[in-house]
Structure formats: C-alpha cells, structure tokens
Undergrad: 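This is the structure I want to talk about, given as structure tokens.
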Amino acid sequence: MNRTIRVRFAPSPTGYLHLGGARTAIFNWLFARHHRGSFILRIEDTDKSRSTEESIREITESLRWLGLDWDEGPYRQTDRMEIYRREAQRLLDEKKAYYCYCTPEELEERRKRALEEGRMPKYDGRCRDRTEPRKGVKPVIRLKVDQEGETVVQDVIKGEVVYPNAQLDDFILVRSDGTPTYNFAVVVDDTLMEISHVIRGDDHLNNTPKQIQLYRAFGYKPPVFAHVPMILGPDRARLSKRHGATSVLAYREEGYLPEALLNFLVRLGWSHGDQEIFSKEELIQYFSLEHVGKSPAVYNPEKLLWLNAHYISTGDTRRLSHLLVPFLIEGGLIPKGKIPDMDWLCRVVETLKERAKTLKEMAQMAAFYFKAPTEYDPKGTERFLTPEVLPYFQSLVCKLEAMGHFEEEEVKAAFEAVMRKHSIKLKHLAQPCRVALTGKTVSPGIFEVITVLGRRETIERLKRAINFIRARL
RNA sequence: GGUCCCAUCGUCUAGCCCGGUUAGGACACCGGCCUCUCACGUCGGCGACAGGGGUUCAAAUCCCCUUGGGACCGCCA
C-alpha cells in the first residue's frame, strides 16, 4: 500500500498544447499535489518527422503559464533509445516478440482489403514463426499477443472494462528504423519511471489492453489507470482546430487569466458539489479521481468568459495592470519602449476591472484614458451634445477650475453645485459629460473617469466638446 | 465492419454506488430592483432524468434492449 504517488503528463510535441491536453495535465498535476506525489513531464517525441523543438517550447510555456510545475523532466524519449533497444532485445530473447518482414505497402494493401470485405483490419501474425530474414527488408519487431481469452482493464473512472483478446493483434513495438512505437515506449517508460497512476484521455482506453499484454510479457506490474473523458466541441465532435482557438497560449493572447482557464478546465469533467470558483489551493485540497465524471464534456466558451470576468474583477489591481500593458501596446495606446506610470494605470484598471471580461477588452475600454475622443458616438451626440448643455458645461468648467483637491468627493460637489444652479438632475449632466470625455455613451462612473483623467485633461475635453456643439449650430 | 466507452436543463454539473428530493447549483437567455451610462450585485422566470421494457409498494438511481453520440482498430501519439 502507500506507494509513492507518481504521475506524468506525456504530450507528443507535434503542435501546441490544446485544451484537452491541458486538462489532462491539470488532472495529473492536481492528483500529484493532492497526494504530495511527483508530477513528471515526459516528451513523447519518437515520431521524429512530426516532433519539433518549437512545440516543446510551446508546451512547457503553456504549462508554466497555467502554473503547473513539474518535479522531474522534461524527459525525452529520443534520449532513451538505448533503453528501448535493450528492452526490445529482452523480449526477442525470451521469444515474446519477433521480427516481422512485411512491408508497409503489403500491410496497407491487406488492411484495405480487410476493410472492404468488412473484416477487422488486424495483422495476421504471418511472421510469427518465420526464422529466415527477408532480403532487402528492414524488419519491425512485433509482440506476440495472446489470441485467447480476455484482457481486463481496471479503470478508476470507467470501472472494469473487458476486451476479447481476439480483437488484439501483434502490434509493432519497434519500427524498421529502430525507434519504439507509442505503446512500447509508454509501457517501458511508465515502468522505469515508476509511474503509479496513468491519468490520460479516454481515447487511450482501447490501447490499454495492448499495453497490459506488454506489461505481462515484461513481467511488470501495470500502474493504476484512469481514463478521463474527452472534451468535445459544440458539434459534439472531438475538440480540434476547427473549433477555433484551442491552444492554451491563444487564450493568453486573447486576454484570459491563467487561473480562469485552470478553473474552467478543471470543472469540465470534475466537480465538487455545487462549487464553481476554486482557488488553486482548494483544487489541490479537493481534487480526487472519484469525482471525475464518465461522460464527455462539451466545451462552452461563455462559462470561461464568465470565470475570466470574475477573476479580473476580483484580481489584484497591480498585477492586472502589469498584465494589461502588452494589450495597451498592441492597441497602440502606449509606446512600446516606455514604461507607463503604474500608479496611474492602477487607477485606470480599478475603474475597469468590474466591467471587462478579458484583458484585451479592458485595453479597448481604456482607450479614452489615453487618447481624447476624435469623434463622438453619433447617438450620444444627438441625444446629449445639444445646445442646452452648453451652459452646464461652462458652469462645470468654472467649478472644476476653481476646485482645490481634485478627488472624487470634490468633483461630486462640483457636479452638485452645477445641478443646483441649473435645476437639473445628475443624469442630465453626467451623460453629456460622458460623451464629451469618452466619446461614448458607456463608460465607468463619471466621477471616476474625471478624477482619473485629471483636471487639465477633463477641462480640455469639455472645452473641446463646447466648441464642437457650437460648431454644429 | 468489429471492439470499447458514454447518456440529468441549450451548456457545465449535483443527485446514482447505499431506490422514497417540489430533481439542486452554475453559465447563457428573459424580466424586476439598484442606478449618472454600462457592468457588478440582487430577486424572480424559462429549462432536463433519450426511448422502451423489466425488478420493486416505490426507479434519475438497479437490470435488459433500442436509439443517439464518442473513441480505437497506423512502422501517429
């Protein structure tokens, strides 16, 4: 009992880290942290033609961004070729595996015919008892798989899953170029790395009986398996590029917070009663495989957006301000090299954090703080920038000029004085001001806007609006 | 074609293991309140046990079938 918990995340570096992979990584990480075990990162790069360094960087950066730290690795299967060679040789020596000289073309031909005739496209085992090599053909190594009986997968999530062995074929362990295939490398590595629990997508469930046969051939004890249901797109098909932005880093670029994506992903398939919002500490404390559901989940972006809005509105203002800077630069609101006044930026963010659903959106909403409106919203112009507000604006300018402290309380007092003088309600002054100062009919509270803009800029913009109204007369 | 997995509101899900709930929560949507606009917040509404058989006094819950969805069957992982 009480074996040390060791889990791994083992992506193949053939592209970016997508949401499904990220969630698998999260489950593994949470499981490890919950049990104070180890989380190991292993790169499954045995397919040299499709693996890239760029992809490895992208994956590790995605994990780091999500806050998933690993205790060992990244190990690379391409660094372990000697191990696979040794293990394969052992199986060969023990007559549990054999060389197969069938060419890919022949195999493809047979598969096609089997499919056409409605038979199962499995390898027929014709090289099992071959003793002589075939000239000019580099062989692969295949496992002798039991054709009788059944193989049982004990799965923490799916329960007991039984496979007829007749369904299995003598799958390839080592390719003709000497590199190991997935099913072989995964068993060798999980064993040698002493992985206690294999938590992965349930697209691997059907591979598991093969792997169990391999464990048996080796005489190794299989780990505990937990096959997590897939994440589906809105069309209920497996989530893929077709469904739009699915790379983790794309969410960063769209202005999502890592804690929002983490919270969102973990709730896709896992639950803790009715709770929706989880801190990282709570997730570690509560996470268990027992509460991972069995059915696939459809990815719904609205909920992610809601979570993101939640984490923005409750997030630390200074941190948000720093995270916002790249978006401000991208929006052309601040120059690239220059560091903005962070204290002032914090005040900007303070007015926006309850309204913005993403950092990208926040940057857009912040535009007016950096640039005076070059044009006014047509609807707002028509409704609020009317000749009758001229005296209000003029009074307000006077009051603002005469004010001492330029803080919300004083601005409010100035507004009240103007309202009294002209016998108008706040909305008759606030809305025209909003349009004058921001160019729009929607903005943060008018007193916040004014104090953040500052006296000089506010008066400047009011005067400009006065001129604009006069010019239209 | 074969094997395997899955099935509660539009979506994420609680409840299922250990039958008895007005089937709960969240997102989205709709309406009220709050209010200087928007948003937040708050109150309310809409909305589900895929279908059919069993077992049982009683089934979302246990069993079977059907249907629907998904995965795998590669010298990809």
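Computed from a predicted structure; not experimentally measured. All chains are named by letter (A, B, ...) in the order of the sequence lines, taking the proteins before the strands, and each is independently numbered beginning at 1.
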Undergrad: Determine which nucleotide pairs with B/G44, using a 3.5 Å limit on both distances of a Watson-Crick or G-U wobble pair.
TA: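 Answer to the pairing question: B/C30, which forms a Watson-Crick or G-U pair with B/G44.
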Undergrad: Between A/Asp146 (side chain only) and A/Glu148 (backbone N and O only), is there a donor and an acceptor less than 3.5 Å apart?
TA: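 The answer is no, because no donor-acceptor pair under 3.5 Å joins these two groups.
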Undergrad: Provide, to the nearest angstrom, the distance between the CZ atom belonging to A/Arg267 and the P atom belonging to B/U11.
TA: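 Atom-to-atom, A/Arg267 to B/U11, this comes out as 15 Å.
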Undergrad: Please tell me which of the listed nucleotides, B/C4, B/C12, B/C36, lies nearest to the side chain of A/Ala430?
TA: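 Nearest nucleotide to the side chain: B/C36.
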Undergrad: Is it the case that more than 12 heavy atoms not belonging to A/Lys144 sit under 6.0 Å from its NZ atom?
TA: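 More than 12 within 6.0 Å, yes.
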Undergrad: Consider the side chain of A/Ser176, meaning its heavy atoms from C-beta on, and name the nucleotide among B/C4, B/U11, B/C75 that approaches it most closely.
TA: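 Closest nucleotide among those given: B/C75.
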Undergrad: Taking atom P in both B/A28 and B/U22, what distance in whole Å separates the two?
TA: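 The answer is 30 Å between these two P atoms.
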Undergrad: Looking only at the aromatic ring of each residue, does the gap between the centers of A/Phe287 and A/Phe27 stay below 6.0 angstrom?
TA: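 Here the rings of A/Phe287 and A/Phe27 have centres that are less than 6.0 Å from each other.
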Undergrad: From CG of A/Leu168 over to C1' of B/G74, roughly how many Å is that when rounded to an integer?
TA: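 Taking atom C1' of B/G74 as the reference, CG of A/Leu168 is at 15 Å.
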Undergrad: From CE of A/Met120 over to C1' of B/C4, roughly how many Å is that when rounded to an integer?
TA: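 In whole Å, B/C4 C1' lies 13 Å from A/Met120 CE.
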Undergrad: Roughly how many Å apart are B/G20 and B/G15, using the C1' atom of each and rounding to a whole number?
TA: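 Roughly 14 Å separates the two C1' atoms.
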Undergrad: Which part of the nucleic acid does A/Pro164 contact within heavy-atom distance under 4.0 Å: base, sugar-phosphate only, or nothing?
TA: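 Touches sugar-phosphate only.
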Undergrad: Of the nucleotides B/G74, B/U3, B/C36, which has the atom closest to the A/Asp169 side chain?
TA: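 Nearest listed nucleotide: B/G74.
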Undergrad: Between A/Asp170 and A/Val145, is there a donor-acceptor pair closer than 3.5 Å when you use the side chain of the first and the backbone of the second?
TA: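 Answer holds: yes.
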Undergrad: Between B/C40 and A/Ser313, counting only base atoms on the nucleotide and side-chain atoms on the residue, is there a donor-acceptor pair under 3.5 Å?
TA: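 Flag unset: no donor-acceptor pair detected.
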Undergrad: What's the closest nucleotide to the A/Glu354 side chain, out of B/C40, B/U11, B/A77?
TA: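 Comparing B/C40, B/U11, B/A77 against the side chain of A/Glu354, the answer is B/C40.
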Undergrad: Hey, is the side chain of A/Lys294 pairing donor to acceptor with the base of B/C6 inside 3.5 Å?
TA: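 Absent.
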Undergrad: What is the distance from CZ of A/Phe447 to C1' of B/C36, rounded to the nearest Å?
TA: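 For the pair A/Phe447 CZ and B/C36 C1', the rounded distance is 7 Å.
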Undergrad: Looking only at side-chain atoms of A/Arg238, point me to the closest of B/C75, B/C6, B/G70.
TA: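 Given the options B/C75, B/C6, B/G70, the side chain of A/Arg238 is closest to B/G70.
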Undergrad: Any strand counts, and the cut-off is 3.5 Å on both contacts for Watson-Crick or G-U wobble. Which nucleotide pairs with B/U56?
TA: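 Pairing partner, where one exists within any strand: none, as none qualifies.
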Undergrad: Could you state the atom-to-atom distance from NZ of A/Lys210 to C1' of B/A71 in whole Å?
TA: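 A/Lys210 atom NZ is separated from B/A71 atom C1' by 13 Å.
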Undergrad: Measuring from A/Met362:CE to A/Lys357:NZ, what's the distance to the nearest 0.5 Å?
TA: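 Between atom CE of A/Met362 and atom NZ of A/Lys357 there are 12.0 Å.
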Undergrad: Given atom CD of A/Gln431 and atom C1' of B/U35, what is their separation to the nearest angstrom?
TA: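 Taking CD of A/Gln431 and C1' of B/U35, I get 11 Å after rounding.
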Undergrad: To the side chain of A/Leu268, which of B/G2, B/C12, B/C27 is closest?
TA: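 Ranking B/G2, B/C12, B/C27 by closest atom to the A/Leu268 side chain puts B/C12 first.
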Undergrad: Looking at the side chain of A/Ser295, which of B/A71, B/C6, B/G25 is the nearest nucleotide?
TA: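 Selected nucleotide (nearest to the side chain): B/C6.
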Undergrad: Does B/A23 have a Watson-Crick or wobble partner in any strand here, with both distances under 3.5 angstrom, and which is it?
TA: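 Pairing partner: none.
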Undergrad: Considering every strand and a 4.0 Å limit on heavy-atom distances, what is the contact class for A/Gly201: base, sugar-phosphate, or nothing?
TA: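 A/Gly201: no heavy atom of the nucleic acid under 4.0 Å.
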Undergrad: B/G69 and B/G25: how far apart are their P atoms, nearest whole angstrom?
TA: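 Here B/G69 and B/G25 have their P atoms 32 Å from each other.
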Undergrad: Say you pick atom P in B/A71 and the same atom in B/G31; how far apart are they, in whole Å?
TA: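 Roughly 39 Å separates the two P atoms.
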Undergrad: Please classify the nucleic acid contact of A/Val161 as base, sugar-phosphate, or nothing, using heavy-atom distances under 4.0 Å.
TA: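 Sugar-phosphate, backbone atoms only, no base.
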Undergrad: On a whole-Å scale, what distance lies between the P atoms belonging to B/G41 and B/A26?
TA: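 That atom pair is separated by 11 Å.
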Undergrad: Tell me which nucleotide among B/C72, B/A39, B/C76 gets nearest to the side chain of A/Asp203.
TA: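 Shortest atom-to-atom distance from the side chain points to B/C72.
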Undergrad: Please tell me which of the listed nucleotides, B/C75, B/A39, B/A77, lies nearest to the side chain of A/Leu107?
TA: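 Closest nucleotide among those given: B/C75.
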Undergrad: Counting only side-chain heavy atoms from C-beta out, which of B/C4, B/A14, B/G1 sits nearest to A/Pro121?
TA: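 Nearest nucleotide to the side chain: B/G1.
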Undergrad: Provide, to the nearest angstrom, the distance between the CZ atom belonging to A/Arg383 and the C1' atom belonging to B/C38.
TA: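 Value for this atom pair: 13 Å.
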Undergrad: Using only modelled atom types and a 3.5 angstrom limit, is any donor from either the side chain of A/Asn206 or the base of B/A71 paired with an acceptor on the other?
TA: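 Such a pair exists between side chain and base.
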Undergrad: Give a yes or no on whether a donor-acceptor pair under 3.5 Å exists between the nucleobase atoms of B/G25, that is its base, and the side chain of A/Glu276.
TA: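 It does, because a donor-acceptor pair links the side chain of A/Glu276 to the base of B/G25 below 3.5 Å.
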Undergrad: Aromatic rings A/Phe278 and A/His272: how do their planes relate, parallel, tilted or perpendicular, breaks at 30° and 60°?
TA: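 Plane angle over 60°, so perpendicular.
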Undergrad: P atom, B/U56 versus B/C63: distance in rounded Å?
TA: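 Taking atom P in both B/U56 and B/C63, they lie 16 Å apart.
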Undergrad: Establish, yes or no, whether a centroid distance under 6.0 Å links the rings of A/Phe447 and A/Phe415.
TA: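 Aromatic pair counts; centres sit under 6.0 Å.
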Undergrad: When you compare B/U55 with B/C72, how far apart are their P atoms, in angstrom units rounded to a whole number?
TA: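 One P to the other, the span is 40 Å.
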Undergrad: Looking at A/Arg434, I'd like to know whether one of its side-chain N or O atoms comes within less than 4.0 Å of OP1 or OP2 on B/U35.
TA: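 It does not, given that no N or O in the side chain of A/Arg434 lies less than 4.0 Å from OP1 or OP2 of B/U35.
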Undergrad: Taking the six-membered ring for Trp, are the ring centroids of A/Tyr392 and A/His428 within less than 6.0 Å of each other?
TA: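 No.
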Undergrad: Return the pairing partner of B/C38 with a 3.5 Å limit on both distances, Watson-Crick or G-U wobble; otherwise return none.
TA: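 Paired with no nucleotide.
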Undergrad: May I ask you to verify whether the side chain of A/Asn300 and the base of B/A28 hold a donor-acceptor pair under 3.5 Å?
TA: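 By the distance-only test, no, there is no pair.
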Undergrad: Expressed as a whole number of angstroms, how long is the span from A/Asn263:CG to B/C27:P?
TA: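 Checked: the CG to P distance equals 13 Å.
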Undergrad: For B/C4, which nucleotide is its Watson-Crick or G-U wobble mate, given both distances must be under 3.5 Å?
TA: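 Checking every strand shown, B/C4 finds its partner in B/G70, with both distances under 3.5 Å.
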Undergrad: For the C1' atoms, the ones on B/G74 and on B/A48, what distance do you get once it is rounded to whole angstrom?
TA: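 Approximately 41 Å lies between the C1' atom of B/G74 and that of B/A48.
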